[in-house]
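In what follows, chains carry the letters A, B, and so on, assigned in the order in which the sequence lines appear, proteins first and then strands, with residues in each chain numbered from 1.
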Number of protein chains: 2
Amino acid sequence: MNAGPNIAAVAKLISEPSRAVILTALLDGRFHPASSLAYTAGIKPQTASFHLKKMIEANVVRVEKHGRHRYYGLENYEVAEVLESLLSLAPKVEVKSFKQATNDKAIRYARTCYDHLAGQLGVKMTDSLLDHGFLEHKDNTFNLTPEGETFFHDFEIDLEQVRKKRRTYIHKCLDWSERRHHIAGAVGNALLERLIDLKWIERVPTIRAVKVTTTGKTGLQEVFNIEM
Amino acid sequence: MNAGPNIAAVAKLISEPSRAVILTALLDGRFHPASSLAYTAGIKPQTASFHLKKMIEANVVRVEKHGRHRYYGLENYEVAEVLESLLSLAPKVEVKSFKQATNDKAIRYARTCYDHLAGQLGVKMTDSLLDHGFLEHKDNTFNLTPEGETFFHDFEIDLEQVRKKRRTYIHKCLDWSERRHHIAGAVGNALLERLIDLKWIERVPTIRAVKVTTTGKTGLQEVFNIEM
DNA sequence: TAGATGTTTCCATTATCATCGAAATATGGA
DNA sequence: TCCATATTTCGATGATAATGGAAACATCTA
């Protein structure tokens, strides 16, 4: 009767709450040890191991072994896209603890959306580029302007290298916390990496949040005219 | 502990096999009566009613009432995008019956991917436009060339109207059956509608397949240099 | 080499939820 | 108005799968 791939199978993999937490944590683009993921999901290591195995078998997650440590990350960008699209459709979670509220706030402020910036920071930066005429919004997608290409060159991002990546050059990504779009694609990734290189932002160790450093606040103000 | 939306909830909605079948059927972009969806999913009407109600409450599906008939369709394009992204990640289904094989073949040949063409037809058409220089593949996305805009004008597709839609103008959509890209976005939708207007293609009533008419075979050969 | 640590495997228990029979409600048609 | 059809609502049953205790395996360090 039914023809085509079995979406129920992959959705079922994601629908289990412990696995959803793990997958969401892996959306920061990093690899994490099994024990850390177990802690994050609030389950015992053996349960985490059970779930991680299922996800590996389904080619959703991959593992890198370093001695007795197993580091797990998302299999590829395609998986990340599925998770991101689910995030924009998913119901909000009621905040029930102080720690949860703190984490929620930090994640909304600035975070990684797999490999590019999101949250208030991501959207403000996108708006800044639009306001300065470095980015244009046309045909419901983003494009860099010639002025924008000059700006990126001056900001020491090599767009020729960026163009060579096996990724969309630049596209819109709907930000689930801001309900507006931020920059995604290879350009978005280059921007994230540049800000990390400049030490303007730092990853928060245990959640997908990104923290703006003191230096970063100054730099973002001077270069992008952004208050954070 | 967990911060951000609850992806498990929406994934769980999609992960139930009967609901997955229904949602996949609704990916043809049409509205279907409850009884038809029940039949398609191989469940009793009361079970279908139960599932449809859950999906309506989650804003995944919407209903239009016509007398005693309730016609159900996907809530919006965002939902379709989630389902489509899941399709590209989902495992293939083993074909176990003659009817299933027939449906599978028809769907791979040509189908609607929500609101644009997919399958062999969708990909061949995309390739044709690329070969003729009407479409270019740049920065890992599609763009119409000036020649392409002329072509669409001659094919009686008003691109000015197409541009005004609250949709991406044109983008790539990964075809799960061909594992290559076909055209999506407002341009893709315009193309689908034009072919239907010309009666070059017809929707198959019970599955998401599209049938190429005799007239269509001739037209596609002459205009697009496509053998179907 | 022995003990510590990280991770995986195994299995019985418990919680969750889809299903259909029964019945009720809503609408159309003769 | 009555009967037929489409759909919804209710509830008990049966199937599924995540969980943690126990144990085994893999690697590191003193």
Q: Test for a donor-acceptor pair under 3.5 Å between the base of C:dG6 and the side chain of A:Ser35, counting only N and O atoms.
A: no
Q. With the threshold set at 4.0 Å, does a side-chain nitrogen-carboxylate oxygen contact exist between A:Arg30 and A:Asp115?
A. no
(Q) I'd like to know if the side chain of A:Ser88 pairs up with that of B:Glu78 as donor and acceptor (distance under 3.5 Å, no hydrogens or angles considered). (A) yes
Q) Think B:Thr47 has a side-chain N or O under 4.0 angstrom from the OP1 or OP2 of C:dC20? A) yes
Q: Using atom NE2 of A:His32 as one end and atom P of C:dG6 as the other, report the distance to the nearest whole Å.
A: 17 Å
Q | Ring centroid separation A:Tyr114 to A:Tyr77 under 6.0 Å | A | yes
Q) Could you state the CD-C1' distance from A:Glu16 to D:dT19, rounded to the nearest angstrom? A) 10 Å
Q: Take atom CE of A:Met55 and atom P of D:dA17, then tell me their distance rounded to the nearest Å.
A: 16 Å
Q) Hey, is the side chain of A:Ser18 poking within less than 4.0 Å of OP1 or OP2 on D:dT19, counting only N and O atoms? A) yes
Q.
Centroid separation under 6.0 Å, is that true for the rings of B:His66 and B:Tyr71?
A. yes
Q: Determine: side-chain N/O of A:Lys53 to OP1/OP2 of C:dT9, distance under 4.0 Å, yes or no.
A: yes
Q: Report the distance from atom CG of B:Leu13 to atom P of C:dT16, rounded to the nearest whole Å.
A: 18 Å
Q.
Working to the nearest 0.5 angstrom, can you tell me the gap between B:Thr112 OG1 and B:Ile207 CD1?
A. 10.0 Å
Q. Which whole-number value in Å describes the distance from A:Gln46 CD to D:dG21 P?
A. 7 Å
Q) Mapping B:Ala34 and A:Ala48 onto DNA chain D by nearest heavy atom, which one lands closer to the 5' end? A) B:Ala34
Q) Between A:His51 and D:dT19, is there a side-chain N or O to OP1/OP2 distance below 4.0 Å? A) yes
Q. Expressed in angstrom and rounded to an integer, what is the separation of B:Ile43 atom CD1 from C:dC20 atom C1'?
A. 11 Å
Q.
Ring centroids only, cut at 6.0 angstrom: are B:Phe155 and B:Phe224 within range, meaning strictly under it?
A. yes
(Q) Using the rule given for side chain to side chain contact (heavy atoms under 4.5 Å, CB included), can you reason through B:Leu23 versus B:Leu13, listing the C-alpha separation, both sets of side-chain angles and the distance that settles it, and then say yes or no? (A) CA-CA 10 Å; B:Leu23 289 168; B:Leu13 207 58; over 6 Å; no
Q) Atom NZ of B:Lys54 to atom P of D:dT7: distance rounded to whole Å? A) 21 Å
Q | Phosphate-side-chain proximity, A:Lys44 and D:dG21, N/O vs OP1/OP2 below 4.0 Å | A | yes
Q | A:Ile56 CD1 - C:dT9 C1' separation (whole Å) | A | 14 Å
Q) Considering only heavy atoms, which members of residues 58-72 of chain B lie under 4.0 Å from some atom of DNA chain C? A) B:Gly67, B:Arg68
Q) Any side-chain N or O of B:Ser49 under 4.0 Å from OP1/OP2 of D:dT7? A) no
